[in-house]
Amino acid sequence: MQGRIVPANAEWIEEAGHLIRSGALVAFPTETVYGLGADATNGEAVARVFAAKGRPSFNPLIVHVLGLEQAVIIGSFSATARRLADAFWPGPLTLVVPRIETTEVSELVSAGLPTVALRSPEHAVARELLKSAQRPIAAPSANRSGHVSATRAEHVAADLGDNAAVILDAGQTPRGLESTVLSLTGAAPVLLRPGAISSEAIEDILGEKIVRASESGKHLTSPGQLRSHYAPDSKLRLNAEIWEPHEAVLAFGPIAERPAKAIINISPSGDLIEAAANLFAALRRLDGSGAETIAVTPIPAHGLGEAINDRLARAAAPRD
Ligand code: TXA
Ligand code: MG
């Protein structure tokens with residue numbers, strides 16, 4: 001009965017809430033990608049998440065909450081942090097803030113850092129699970145460390161198998177790209193990970209430019225930004241205008257007709273939102289095609305293109 005995919009209906013969400021409270025791991029859909037959830041206040045359950053992920057234990061996890069009321073007893077929210085939560089929660093913005101000393105959230109969640117990452121998901125199944133569990137839920141993306149994120153229940157099962165007691169299946173996740181991670185622990189907001197909410201949208205609310213971690217040198221303290229984090233087994237060749245018949249192709253927008261081992265166009269019409277939703281599933285399928293190389297056609301860098309290109313650059317980076 002381990003690791004089974006179950007429908008995300010009221011009965012199973014109720015059962016999943018009990019499982020979380022009992023220290024088990026539950027994989028669940030969010031609007032971004034599937035998460036592998038554990039009771040954030042239960043250190044052993046959190047440790048099992050790291051074990052299941054095969055993730056280096058210094059990589060901290062996001063704590064999922066219903067909203068600001070639950071968040072402010074875990075992390076310390078400045079006026080800026082509140083403004084962003086008001087604007088984007090529930091939704092795919094993760095805010096890294098100072099931990100409150102009295103929080104019941106396990107320190108393992110923060111991997112020893114004096115900060116905590118919080119987000120309020122908007123997916124109805126994630127919200128119902130949070131209500132049923134009555135606990136903040138620590139959840140990384142439900143893939144093995146170094147693999148691409150899972151956007152379908154079957155991807156979770158393939159990557160994590162029996163590590164999740166149940167996998168709540170609600171089909172494909174709508175956004176298909178992880179949340180944007182913004183640090184509010186220094187003098188100015190720092191973008192630690194581009195994601196489903198664009199930098200421009202955040203800058204509109206703040207009325208100022210945000211600093212990219214890559215510009216501030218802060219990436220050294222954000223272990224999630226390890227260059228080879230998002231790594232398929234195949235090699236990636238970026239900005240490929242043409243390709244060889246033995247290569248697999250991840251395409252975007254209108255492309256030339258040319259033979260290839262496999263071709264997936266993540267948005268034939270050139271829509272970055274559609275492309276984001278299809279990205280990880282396409283990478284997985286192409287990675288499984290047996291081709292040594294995946295040629296990736298050029299993808300524009302604006303809007304969600306920043307996050308897509310960021311993921312692809314990581315996937316293409318040399319392995320540690
Ligand atoms: O969309 C998402 O964010 C998904 C869904 C499940 O919510 N979760 C997700 O979690 O992508 P994960 O663990 O794969 O990525 C969390 C990112 C990592 O880059 C991690 O380093 C960063 O957030 N992070 C978490 N806590 C942090 C902290 N205290 N300081 C700096 N970075 C932190
Ligand atoms: Mg991840």
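Counting starts at 1 for both ligands and their atoms, in listed order.
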Numbering as shown, the atoms of ligand 1 that approach Val96 to under 4.0 Å (heavy-atom distance): 28 (C), 29 (N), 30 (N)
From Ser141, does some N, O or S atom reach closer than 2.8 Å to the Mg ion (ligand 2)? yes
Proximity of Thr115 to ligand 1 by residue part, where a heavy atom lies under 4.0 Å: both
Does the side chain to side chain contact (heavy atoms under 4.5 Å, CB included) test come out yes or no for Leu61 and Phe50, once each step is laid out? CA-CA 9 Å; Leu61 305 179; Phe50 287 111; 3.8 Å; yes
When you measure from atom 16 (C) of ligand 1 to each heavy atom in Thr32, Asn143, Ile62, which option holds the nearest one? Ile62
Any N/O of Ser141 closer than 3.5 Å to an N/O of ligand 1? yes
Under 4.0 Å from one or more heavy atoms of Val33, ligand 1 contributes atoms 4 (C)
Do the side chains of Glu31 and Arg119 get close enough for a salt bridge, i.e. N-O under 4.0 angstrom? yes
Nearest heavy-atom neighbours spanning Leu168 and Pro29: O-CD, 3.4 Å
Looking only at heavy atoms, what is the nearest atom pair of Ala81 and Leu95, with distance? O-CD1, 3.7 Å
Do any nitrogen or oxygen atoms of Lys53 come within less than 3.5 Å of a nitrogen or oxygen of ligand 1? no
Against heavy atoms of Leu192, which atoms of ligand 1 measure under 4.0 Å? 31 (C), 32 (N)
Closer than 4.0 Å to some heavy atom of Glu178 - which atoms of ligand 1 meet that? 1 (O), 2 (C), 11 (O)
Go through Glu104 and Arg135 one step at a time and tell me if the salt bridge (charged side-chain N to carboxylate O under 4.0 Å, His left out) criterion holds. CA-CA 10 Å; Glu104 286 176 17; Arg135 298 278 195 288; over 6 Å; no
May I ask you to decide whether Glu244 forms a salt bridge with Arg237, counting only side-chain N to carboxylate O separations under 4.0 Å? no
Are Arg119 and ligand 1 in contact, using a heavy-atom cut-off of under 4.0 Å? yes
Per-atom filter on ligand 1: closer than 4.0 angstrom to a heavy atom of Ala117 are 25 (C), 26 (N), 27 (C)
Is a salt bridge present between Arg175 and Glu122, judged by a nitrogen-to-oxygen distance below 4.0 Å? yes
Would you call Asp310 and Arg212 a salt bridge, using N to O less than 4.0 angstrom? no
Considering the heavy atoms of His64, write down every atom of ligand 1 situated less than 4.0 Å from one of them. 5 (C), 6 (C), 7 (O)
